[in-house]
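The block underneath contains the structure these notes are about, expressed in structure tokens.
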There are 2 protein chains.
Amino acid sequence: MVQNLEKLEVGHKKEAKPGRVRLTQKAIVEAAAALFARAGFGATSLDDIATSMGVTKGALYYHVKNKEEILRLIFLTVLVVSEEPLQHIVEAELSPVQKLGRAIEHHTAVAADRSPAMIVFYREQVHLTGPFAREITLRKKKYERYFEQIIEEGIQAGIFKSDLPAKIVVFGLLGMCNSLSQWYKPDGKFSSQQVAAVFVKMVENGLMPYA
Amino acid sequence: MVQNLEKLEVGHKKEAKPGRVRLTQKAIVEAAAALFARAGFGATSLDDIATSMGVTKGALYYHVKNKEEILRLIFLTVLVVSEEPLQHIVEAELSPVQKLGRAIEHHTAVAADRSPAMIVFYREQVHLTGPFAREITLRKKKYERYFEQIIEEGIQAGIFKSDLPAKIVVFGLLGMCNSLSQWYKPDGKFSSQQVAAVFVKMVENGLMPYA
DNA sequence: GCGAAATTTGAACGCTTAGTAGAAAAGATG
DNA sequence: CATCTTTTCTACTAAGCGTTCAAATTTCGC
């Protein structure tokens with residue numbers, strides 16, 4: 001545990017032997033996310049993770065402080081790819097409708113292609129302890145509040161109905177998108193963009209054409 | 001483990017000492033659901049469950065085969081309160097719009113007031129093993145198919161838009177309702193009926209009033 | 001109250017696991 | 001090749017857990 005930052009990939013660096021991935025924090029986190037997603041945090045041992053990477057347990061502890069830190073890192077990667085793009089959408093010069101559309105597309109995309117990490121994110125939060133657990137809750141709330149802002153903005157502008165409480169709408173919306181991580185298969189019939197498009201239509205105009 | 005059926009509550013039966021609940025399968029399942037919901041299945045020990053009921057670990061084994069059976073029973077209780085009412089709605093003499101509305105109300109209500117069990121239901125399925133795990137998956141699918149039927153019926157009747165794939169709509173819909181178990185507080189601002197009403201409006205006509 | 005049946009206790013067992021320490025190996029450097 | 005650093009392995013510890021079971025206790029019909 002010497003370098004906390006991943007070394008930047010530089011062209012001239014000697015490549016590791018093909019076949020076995022270089023053991024690194026990022027690699028561990030990815031492998032662990034896949035196992036946690038399949039069997040759950042509690043049911044996955046460090047031996048399982050190590051074995052799945054062709055390595056023994058001891059090696060993991062050189063790159064990672066303990067089991068919970070692996071979980072923490074999974075949560076962080078999800079937040080890192082989620083937060084900033086959403087913030088940009090909210091702050092952009094767009095109509096509320098456009099913002100909402102892009103926000104849904106964004107969130108759907110994240111849910112679709114980070115699925116192991118996302119599954120863990122929505123299932124294993126109880127296993128976080130200490131201040132970090134609180135931090136995650138806060139950042140989740142902040143993320144929700146971005147969506148709320150969009151909805152409220154739309155209501156103020158008279159574009160969205162004013163009789164639907166923004167909080168509930170947002171919860172419903174996010175629940176809708178989050179469900180993707182449970183069922184979405186990248187090799188299935190629909191791309192995440194197509195799914196997002198369906199959700200956008202649903203949320204904007206509903207299922208009934210001649211209201 | 002002698003009686004599989006709960007004895008019916010009969011008036012003249014001697015009440016157990018107030019304060020301590022009579023130890024029974026149902027009581028164990030309820031207590032366990034609360035603990036599992038808070039800390040997760042893997043992180044909750046049988047000691048935790050026993051202690052929370054003012055009893056020792058061994059006593060649980062008189063009423064329950066093992067830890068996983070407790071989990072199985074939690075899943076069963078959720079299914080039991082969910083399946084039949086939905087089936088009745090689907091088979092009733094109602095318009096697709098009415099059916100959809102009632103189905104959403106039903107599912108929302110279940111998500112709202114069985115919340116510990118529901119949280120476990122949507123989080124701990126990975127810890128089920130053997131044929132029962134498969135059974136749950138199947139029954140979940142069947143439940144989804146009821147919703148799908150309603151949507152398809154509505155499309156056929158020209159009431160719902162035909163360009164939105166029923167499967168995706170249903171997943172979104174259920175994700176929306178299921179999210180309730182994560183955030184709904186019975187003592188909060190909204191009743192589950194009010195939340196359901198919001199969801200129904202969202203799904204039927206969307207957020208935009210003048211489409 | 002008595003005896004039998006139902007229920008609970010408490011201790012023990014076997015197994016798995018997170019985490020540690022130090023030796024060994026591999027890799028880089030000059 | 002020799003030395004130093006980084007990385008991995010082996011072996012171990014201490015703790016926690018699910019499960020079992022004989023004995024103790026409580027309940028209940030008579």
Side-chain angles (χ1 to χ4, degrees), chain A residues 1-7 10 12-28 31-32 35-36 39-73 124 127-130, chain B residues 1-7 10 12-29 31-32 35-36 39-74 124 127-130:
Chain A
M1 259 285 285
V2 166
Q3 81 291 29
N4 277 331
L5 276 333
E6 290 298 323
K7 294 197 188 76
V10 223
H12 62 273
K13 203 172 54 176
K14 196 70 120 316
E15 291 295 317
K17 294 193 187 74
R20 202 200 270 182
V21 189
R22 206 173 113 76
L23 196 59
T24 177
Q25 254 197 18
K26 203 164 84 179
I28 293 173
L35 295 181
F36 290 166
F41 177 76
T44 305
S45 69
L46 289 172
D47 266 322
D48 292 336
I49 301 171
T51 305
S52 91
M53 305 184 75
V55 155
T56 53
K57 195 168 51 167
L60 299 182
Y61 277 90
Y62 181 80
H63 302 273
V64 141
K65 201 162 106 266
N66 53 34
K67 193 184 178 187
E68 197 181 331
E69 182 172 78
I70 300 179
L71 190 59
R72 277 201 288 270
L73 290 169
E124 314 287 357
H127 296 108
L128 293 175
T129 65
Chain B
M1 258 284 283
V2 166
Q3 83 293 27
N4 277 330
L5 275 333
E6 291 298 322
K7 294 200 187 75
V10 223
H12 63 271
K13 201 172 54 177
K14 195 71 122 312
E15 292 294 317
K17 296 192 185 74
R20 201 199 269 185
V21 189
R22 206 174 116 75
L23 196 58
T24 177
Q25 251 198 18
K26 203 164 87 179
I28 293 173
V29 168
L35 295 181
F36 290 166
F41 177 77
T44 306
S45 69
L46 290 172
D47 263 323
D48 293 335
I49 301 171
T51 305
S52 90
M53 306 185 73
V55 153
T56 53
K57 202 165 43 164
L60 300 182
Y61 278 88
Y62 183 79
H63 303 273
V64 140
K65 204 163 104 263
N66 53 33
K67 193 184 180 187
E68 195 181 333
E69 182 173 77
I70 300 179
L71 190 60
R72 277 201 289 271
L73 290 169
I74 294 176
E124 315 285 358
H127 295 109
L128 293 175
T129 65

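Excluded from the calculations below are hydrogen atoms, water molecules and symmetry mates; all remaining heavy atoms, backbone and side chain alike, are included.
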Quick one: list whatever passes side chain to side chain contact (heavy atoms under 4.5 Å, CB included) with A/S45, sequence neighbours left out.
-> A/D47, A/D48
Partners of A/A50 by side chain to side chain contact (heavy atoms under 4.5 Å, CB included), sequence neighbours excluded?
-> A/L60
Measure [atom1]/[X] against [atom2]/[N] and give the value in whole Å, please.
X	N	atom1	atom2	result
A/L23	D/dT6	CG	C1'	12 Å
A/I49	C/dG19	CD1	C1'	13 Å
A/E69	C/dG19	CD	C1'	14 Å

To the nearest 0.5 Å, what is the distance between NZ (B/K26) and NE2 (B/H63)?
->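 Reported value, rounded in 0.5 Å steps: 14.5 Å.
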Calculate, to the nearest 0.5 Å, the distance between atoms OG1 and CE belonging to B/T24 and B/M53 respectively.
-> 8.5 Å
Heavy atoms, side chains only, cut-off 4.5 Å: are A/L46 and A/I49 in contact?
-> yes
Report yes if at least one side-chain N or O of B/Y62 is closer than 4.0 Å to OP1 or OP2 of C/dT8; otherwise report no.
-> no
Under 4.0 Å between a side-chain N or O of B/H63 and OP1 or OP2 of C/dT8?
->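 Answer yes for this pair, as a side-chain N or O of B/H63 is under 4.0 Å from OP1 or OP2.
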Any donor-acceptor N/O pair, B/E68 side chain to B/T129 backbone, under 3.5 Å |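 Yes; at least one donor-acceptor contact below 3.5 Å.
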Short heteroatom pairs, N/O only, protein and nucleotides 16-20 of chain D, under 3.5 Å:
unit_1, atom_1, unit_2, atom_2, d
D/dG18, OP1, B/K67, NZ, 2.7
D/dG18, OP2, B/L46, N, 2.9
D/dG18, N7, B/K57, NZ, 3.3
D/dT19, OP2, B/Y61, OH, 2.8
D/dT19, OP2, B/K67, N, 2.8
D/dT19, O5', B/Y61, OH, 3.2
D/dT19, O4, B/K57, NZ, 3.0

